[in-house]
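Here the structure comes first, spelled out in structure tokens, and everything after it is commentary.
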There are 2 protein chains.
Amino acid sequence: MAKITLKEIAERLNLSPSTISKALNDSYEISEKTKKKVKEFAQEHNYQPNPLAKYLKLGKTNNIGVLLPSIRTPFAAQLLQYLHQSAIYNSYNIILMQSIDNEKDEERALITLTNQGVDGILIAPVSETSNLQLLSSIHANHCPVVVFDRIHYNLDTHKIGIDNMKSTYMAAEELIKINRKNIMVLCGKNLGVTQYRLEGYQKALKDYSIPIKEENIIHIDYSKSLTTIDESLKEIITGRMCSDDAPNAILGTTETLTTRVLGVLADLKIQVPKEIAVIGFSNIEFANSLNPALSTVHQPTEEMASTALQLLLDLINSKKERSQIDFQTILLETSIQLRKSTALT
Amino acid sequence: MAKITLKEIAERLNLSPSTISKALNDSYEISEKTKKKVKEFAQEHNYQPNPLAKYLKLGKTNNIGVLLPSIRTPFAAQLLQYLHQSAIYNSYNIILMQSIDNEKDEERALITLTNQGVDGILIAPVSETSNLQLLSSIHANHCPVVVFDRIHYNLDTHKIGIDNMKSTYMAAEELIKINRKNIMVLCGKNLGVTQYRLEGYQKALKDYSIPIKEENIIHIDYSKSLTTIDESLKEIITGRMCSDDAPNAILGTTETLTTRVLGVLADLKIQVPKEIAVIGFSNIEFANSLNPALSTVHQPTEEMASTALQLLLDLINSKKERSQIDFQTILLETSIQLRKSTALT
DNA sequence: TTGTAAGCGTTATCAG
DNA sequence: CTGATAACGCTTACAA
């Protein structure tokens with residue numbers, strides 16, 4: 001790959017490889033004069049140190065693995081962008097993997113990452129129990145792991161995410177405030193966060209003495225295609241809207257569901273927010289371009305990304321035994337951004 | 001990082017390292033019996049070969065660098081997802097970089113990638129001339145480079161993207177068909193593709209004998225924040241709509257501009273498509289959730305990604321001298337998806 | 001069929 | 001201040 005090696009420079013300058021190495025690394029043992037000569041020569045000949053050799057010697061790669069369920073949602077893309085920024089800032093590179101919300105792919109990705117050699121792994125696990133054993137063993141033997149976003153996961157390490165229950169509670173509260181109390185909640189099937197987000201919804205209803213109806217709790221299979229999701233939504237909504245107690249609000253617990261339901265409602269000619277108000281999780285940057293502008297529960301992606309990375313770097317650089325560290329779980333605050341989809345006036 | 005090494009296995013089994021290596025690599029020189037013994041032992045002790053050592057020896061990393069302007073647009077996220085799929089399928093990993101549409105960051109990313117060691121680079125360059133020299137030298141001395149998406153770039157290598165002129169021509173034609181001939185075109189400033197997309201617009205108007213008005217050609221500075229983009233759009237649109245010859249259609253030449261303008265129009269209470277029809281480049285998956293459902297020029301991201309990757313792998317694996325290869329430029333077909341934002345009934 | 005030895009390109013230790 | 005030597009963990013001629 002690179003053209004000229006350290007050894008060759010040494011030969012050409014009649015110096016030893018170790019001198020060259022030290023000179024290029026600005027060692028105090030080398031005279032300014034030699035340093036200058038070596039550096040100039042290296043520059044001229046466009047010397048690029050072979051990273052593999054260096055890292056082999058040093059025992060680290062400066063790569064960190066990032067494993068996301070999908071890189072295709074706006075939330076993921078944002079997160080990834082900020083992770084990348086923080087990584088570069090700290091002289092680390094990101095090797096990207098996606099699990100497509102599927103344990104098998106998650107396992108494959110983890111194995112690839114460890115085979116490839118990364119100094120640490122940042123993961124949003126598929127489900128609460130997915131690949132727990134593998135991940136534990138990686139964390140114990142291979143490289144540190146930090147869990148983010150999907151933090152309900154039984155691995156003893158740093159975790160960073162949001163308070164899922166509280167966030168949904170707040171969102172439900174907004175609907176209740178505008179007197180929309182017959183709230184349909186859209187959940188992803190088998191997602192680690194679903195349960196907690198659902199609990200927030202249930203608690204809010206309970207606190208405001210609103211009866212919880214099973215028919216209002218919808219689980220959508222997430223592993224299917226977007227068209228399938230749309231179709232399921234359409235069928236369910238059509239059914240519910242024709243029933244005696246048609247809901248007058250929708251709370252989406254995931255970005256995909258929240259955003260896509262708007263398209264389905266438009267298609268069904270159901271007016272938002274007049275007939276049905278909508279609020280839900282989403283970090284979409286086009287919220288204002290949606291039909292109508294969408295009220296969202298917004299996650300602090302930048303903070304989540306930079307903190308997650310920092311936690312991972314701390315573990316990578318820590319001299320302590322992994323068992324000596326007391327791991328923390330950080331919950332970041334979400335914010336509610338109200339827009340037209342919940343504006344009744 | 002890994003726990004047990006090849007050498008240690010050798011000691012424990014009273015065999016030589018080379019035997020172990022060959023056994024694990026299924027060499028024909030090794031007896032089935034030994035192979036079995038070695039493999040079982042390796043499995044039990046959870047042996048992970050050190051990738052760095054291996055790649056140092058073999059002279060390749062199995063990593064390819066992907067350098068995108070941004071990873072935050074739906075188009076980029078899709079592309080990245082498909083690139084990742086293809087890469088994994090071919091046993092390559094992706095190291096991700098973004099240039100934030102900025103030459104300096106692009107240069108930094110390229111240097112990092114080469115320092116890090118990648119077997120090839122896939123790049124969508126910032127502009128037509130950005131880092132041309134650096135990239136040429138990388139392509140010549142370091143590892144093969146394939147240009148994608150932003151293919152108007154003077155590097156002699158494989159390129160894959162779309163026919164920008166034709167695509168905009170088609171989009172403009174759709175507007176003309178519905179008799180919306182006073183078309184405002186939104187362009188990004190300093191983007192490599194802008195010129196060609198603009199030419200398509202101009203050619204369409206010319207072919208249909210529609211006068212081209214300079215006031216209808218808008219250039220938006222892309223390097224600014226999203227809010228700044230929105231503000232610029234708002235100001236310009238307000239101005240144009242109050243003028244004597246208010247446009248009755250908008251053609252967006254980039255995903256960000258096309259999608260965001262919908263939010264701005266909604267904000268200004270300008271009705272789409274009644275007052276102004278909108279069409280433009282975008283691969284957004286929520287097109288139906290937009291206000292209104294957006295007519296788009298859709299790029300075949302999956303094909304672009306898998307072909308780009310294939311072209312790069314071909315170069316990586318090619319025995320030929322770089323100068324012996326005749327490089328090709330592949331133009332993929334785009335498709336127009338008509339939705340409500342251009343539906344006049 | 002197995003083992004020996006050299007080498008990939010660096011860096012670290014220690015001696016000169 | 002500079003250099004010799006060993007080592008990181010693996011692969012691969014070549015030798016046995």
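Within every chain, numbering begins at 1; the chains are lettered A, B, ... in the order of the sequence lines, protein sequences first and strands thereafter. These numbers come from the heavy atoms of this one structure, side chains and all, not from hydrogens, waters or symmetry mates.
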Review point. Does D:dC8 have OP1 or OP2 sitting under 4.0 Å from an N or O in the side chain of B:Tyr55?
Key: no
**Study point:** Contact check, side chains of B:Ser31 and B:Thr34, non-hydrogen atoms, under 4.5 Å
**Key:** yes
Practice item. Could you check how far OH of A:Tyr47 sits from P of C:dG9, rounded to whole Å? Key: 10 Å
Practice item. Ignoring backbone atoms, establish whether A:Asn25 has a side-chain N or O less than 4.0 Å from OP1 or OP2 of C:dT11. Key: yes
Practice item. Starting from C1' on C:dA12, measure out to CG on A:Leu56 and report it in whole angstrom. Key: 14 Å
Exercise for review: May I have the distance from A:Ile4 (atom CD1) to C:dG9 (atom C1'), rounded to whole angstrom?
Suggested key: 13 Å
Point to revise | Note, B:Ile330 side chain near B:Gln328 side chain (heavy atom, < 4.5 Å) | key: yes
Point to revise | Flag side-chain contact, heavy atom, 4.5 Å: B:Leu135 against B:Ile123 | key: yes
Review point. Taking CG from A:Asp26 and P from C:dT11, how many angstroms apart are they, rounded to a whole number?
Key: 13 Å
Exercise for review: Show the numbers, then the answer: is there a side chain to side chain contact (heavy atoms under 4.5 Å, CB included) between A:Tyr92 and A:His84?
Suggested key: CA-CA 9 Å; A:Tyr92 275 82; A:His84 179 256; over 6 Å; no
Review point. Does the side chain of A:Leu6 reach to within under 4.5 Å of the side chain of A:Pro17, using non-hydrogen atoms?
Key: yes
Review point. Can you tell which of B:Val66, B:Thr301, B:Leu122 makes a side chain to side chain contact (heavy atoms under 4.5 Å, CB included) with B:Leu79?
Key: B:Thr301
Check your understanding: Under 3.5 Å, side chain of A:Asp119 to main-chain N/O of A:Thr61, donor-acceptor pair present?
Key -> yes
Point to revise | Under 4.0 angstrom between B:Ser21 side-chain N/O and D:dT11 OP1 or OP2 | key: yes
**Study point:** Any side-chain heavy-atom pair of A:Pro144 and A:Ile121 under 4.5 Å
**Key:** no
Check your understanding: For DNA chain C, whose closest nucleotide is more 5', that of B:Ser31 or that of B:Lys57?
Key -> B:Ser31
Exercise for review: Take the protein atom NZ of A:Lys22 and the nucleotide atom P of C:dT11, then report the distance between them rounded to whole Å.
Suggested key: 11 Å
Practice item. For the side chain of B:Pro49, starting at C-beta, report the closest nucleotide among D:dG9, D:dG3, D:dC10. Key: D:dC10
Exercise for review: Could you tell me the separation between the NZ atom of A:Lys60 and the C1' atom of C:dT11, rounded to a whole number of Å?
Suggested key: 15 Å
Point to revise | Most 5' of A:Glu29 and B:Glu32 on DNA chain C, judged by nearest nucleotide | key: B:Glu32
Practice item. Would you check, one step at a time, whether the test side chain to side chain contact (heavy atoms under 4.5 Å, CB included) holds for B:Tyr153 with B:Val126? Key: CA-CA 10 Å; B:Tyr153 189 81; B:Val126 166; over 6 Å; no
Review point. With side chains defined as the heavy atoms from C-beta onward, is the minimum distance between A:Phe75 and A:Asp149 less than 4.5 Å?
Key: yes
Exercise for review: Indicate, with a heavy-atom threshold strictly under 4.0 Å, whether B:Lys54 touches base, sugar-phosphate, or nothing.
Suggested key: sugar-phosphate
Point to revise | Candidate nucleotides D:dC10, D:dT2, C:dG3, ranked by approach to the side chain of B:Thr19 - the nearest | key: C:dG3
Check your understanding: Of the residues in residues 7-18 of chain A, which ones touch DNA chain C at a heavy-atom distance under 4.0 Å?
Key -> A:Lys7, A:Ser18
Revision key, fill the gap. When pairs are called at under 3.5 Å and a stem needs at least three consecutive Watson-Crick or G-U pairs, the stems of DNA chain C are C:1-16 with D:1-16
Exercise for review: Figure out the CG/C1' separation between A:Asn50 and C:dT11, and round it to whole Å.
Suggested key: 13 Å
**Study point:** Spacing between B:Leu24 atom CG and D:dT11 atom C1', to the nearest angstrom
**Key:** 12 Å
